[in-house]
Amino acid sequence: AIEEVEELMKVETSDIYPKVLSLLEAAQKKDPDNVEVLWRLARVHLNLAEEVASNSAKAQAELRTGIALAKRAVELAPDNYAPHKILAGLYGVLGDHVSTKEKIENSYHVRAHAQRGAELNPTDATLQHILGRFCYSVAGIGWLERSFASVVFGTIPTATYEDALAHFQRAHELNEEQQSPSKRNTVYLGNVCEKLKRTKEAREWFNRVLAMPVENEHDKKMQEEARKGLARVGG
């Protein structure tokens, strides 16, 4: 089942998710504690959540299902980088759909699992991207949110846009080495350069996205984000 799932996932279109979900759920019934099945099942729920992002309730349901599966995989195989990566990604996306309090609570999980995954696999570009997203999100927490969080939690994570840029650049380097450019990471390189007032570089990154081929709905969304970015920086 795993080999078939990996072949299907190469297609990168949302219409394969029901088939992948069915294959993995059948595999999990046969072997409930198979780590390779568990984290892949969690990954599908992450993909499905991103497909229904505009419906927060549906997205949350998919993400929380995925989190439970990825947590189990981490418990069973704490030295396998893949479950850590998926769990960090799930918590990160959940932050878009929950209260400030829960978002800040989850940020600790994002950082911990992304860092552990990166320690276990330093050449994984997605983990560097997740760490970049973590830093980008934390750097953007407003003064009021930060004050509120300090009262509730005592301390909260700190990070700068420079930290985010370093992770996004590392992800870009790894993607280039593996000849697997990431439109999402390139969009974030543009976004973080915009935040740092590096307008010329921001324009270059957004234009790079627009020069990449469009093969699926995700690519269309990334191109739209790049166009919005260019409009903001006067491109």
Side-chain angles (χ1 to χ4, degrees), residues 46 50 74 79-96 100 103-143 145-146 149-150 153 155-212 218-219 221-223 225-226 228-230 232-235:
L46 174 57
E50 292 187 318
V74 167
D79 292 333
N80 182 335
Y81 84 95
H84 287 287
K85 174 166 81 169
I86 301 304
L87 189 50
L90 285 156
Y91 273 122
V93 175
L94 185 60
D96 296 336
T100 298
K103 180 179 180 177
I104 291 168
E105 283 176 341
N106 289 344
S107 71
Y108 290 98
H109 299 305
V110 176
R111 180 175 62 182
H113 289 289
Q115 284 180 339
R116 182 61 183 140
E119 286 167 10
L120 293 164
N121 187 354
T123 61
D124 188 279
T126 302
L127 282 161
Q128 292 300 321
H129 176 77
I130 292 170
L131 285 165
R133 293 271 290 269
F134 163 79
C135 294
Y136 185 86
S137 177
V138 169
I141 294 174
W143 179 83
E145 289 176 308
R146 198 171 285 280
S150 296
F153 300 107
T155 59
I156 61 170
T158 57
T160 65
Y161 287 123
E162 286 84 359
D163 296 331
L165 178 61
H167 285 297
F168 291 138
Q169 284 177 327
R170 180 61 183 143
H172 178 73
E173 288 165 9
L174 290 166
N175 282 322
E176 290 283 297
E177 285 170 17
Q178 294 152 20
Q179 297 184 327
S180 178
S182 164
K183 293 179 182 70
R184 189 188 298 275
N185 192 69
T186 310
V187 165
Y188 268 92
L189 277 162
N191 289 341
V192 77
C193 285
E194 178 189 351
K195 293 289 186 185
L196 291 166
K197 311 294 185 198
R198 291 160 68 162
T199 307
K200 182 173 179 286
E201 289 171 70
R203 273 199 295 268
E204 288 170 1
W205 289 117
F206 291 137
N207 276 316
R208 277 204 199 196
V209 178
L210 296 178
M212 293 178 182
H218 170 265
D219 292 352
K221 287 177 189 173
M222 292 302 102
Q223 286 221 332
E225 289 298 313
K228 288 177 183 175
L230 273 176
R232 289 194 305 271
V233 297

Check S107 against P157 and note the closest heavy-atom contact, atom names and distance.
OG-CG, 3.3 Å
Can you pull the salt bridge (charged side-chain N to carboxylate O under 4.0 Å, His left out) pairs that have at least one residue in residues 107-117, sequence neighbours excluded?
D79-R116, R116-E119
Closest approach of G132 and A164, non-hydrogen atoms and distance?
O-CB, 3.5 Å
Looking at CD of E194 and OG1 of T199, how far apart are the two atoms once the value is rounded to the nearest 0.5 Å?
8.0 Å
For residues A139 and T160, report the shortest heavy-atom separation together with the two atoms involved.
CB-C, 3.8 Å
Between L131 and Q115, is a side-chain contact (heavy atoms from CB on, under 4.5 Å) present by the stated rule, with each step listed?
CA-CA 7 Å; L131 285 165; Q115 284 180 339; 3.7 Å; yes
With side chains defined as the heavy atoms from C-beta onward, is the minimum distance between I104 and V138 less than 4.5 Å?
no
Between H167 and H129, is any pair of side-chain heavy atoms under 4.5 Å apart?
no
In Å and rounded to the nearest 0.5 Å, what is the CD1 to OH distance from I86 to Y81?
9.0 Å
Is the number of heavy atoms from other residues, nucleotides or ligands within 6.0 Å of NZ (K221) greater than 12?
yes
Any side-chain donor near an acceptor of the partner, R232 and N191, under 3.5 Å
yes
Using side-chain contact (heavy atoms from CB on, under 4.5 Å), reason through D96 and L94 one step at a time and then give a plain yes or no.
CA-CA 5 Å; D96 296 336; L94 185 60; over 6 Å; no
Closest heavy-atom contact between R203 and V233?
NH1-O, 3.0 Å
Quick check: do F206 and K228 have side-chain heavy atoms less than 4.5 Å from each other?
no
Within the structure provided, determine whether L120 and N80 are in side-chain contact (heavy-atom separation under 4.5 Å).
no
Do D124 and L174 make a side-chain contact, defined as non-hydrogen atoms from C-beta onward lying under 4.5 Å apart?
no
Measure across S182 and N185 and return the closest heavy-atom pair with its distance rounded to 0.1 Å.
OG-N, 3.0 Å
Heavy atoms only: give me the nearest M222-V187 pair and the separation to one decimal.
O-CG2, 3.7 Å
Checking side-chain contact (heavy atoms from CB on, under 4.5 Å) for the pair F168/Q128: CA distance, chi angles, key distance, verdict?
CA-CA 7 Å; F168 291 138; Q128 292 300 321; over 6 Å; no
Close side-chain approach of R198 to L165, heavy-atom, < 4.5 Å:
yes
For a 4.5 angstrom cut-off between non-hydrogen side-chain atoms, does H109 reach L87?
no
Nearest-0.5 Å distance, NZ of residue K85 to CD1 of residue I130
7.0 Å
Are E204 and C193 close enough that some pair of their side-chain heavy atoms sits under 4.5 Å apart?
no
Testing R208, M212, H172 for side chain to side chain contact (heavy atoms under 4.5 Å, CB included) with P181, which one passes?
M212
Any donor-acceptor pair under 3.5 Å linking the side chain of Q178 with the backbone of T123?
yes
Those residues at least two apart in sequence (or on a different chain) that pass side-chain hydrogen bond (donor to acceptor under 3.5 Å, both in side chains) with Q223 are R227
Does D163 use its side chain to pair, donor to acceptor, with the backbone of A159 at less than 3.5 Å?
no
In sequence, state the C-alpha distance, the side-chain angles, and the governing distance for C135 and Y161, and then conclude on side-chain contact (heavy atoms from CB on, under 4.5 Å).
CA-CA 7 Å; C135 294; Y161 287 123; over 6 Å; no
ring-ring contact (aromatic ring centres under 6.0 Å, His included) partners for H113, two or more places apart
H84
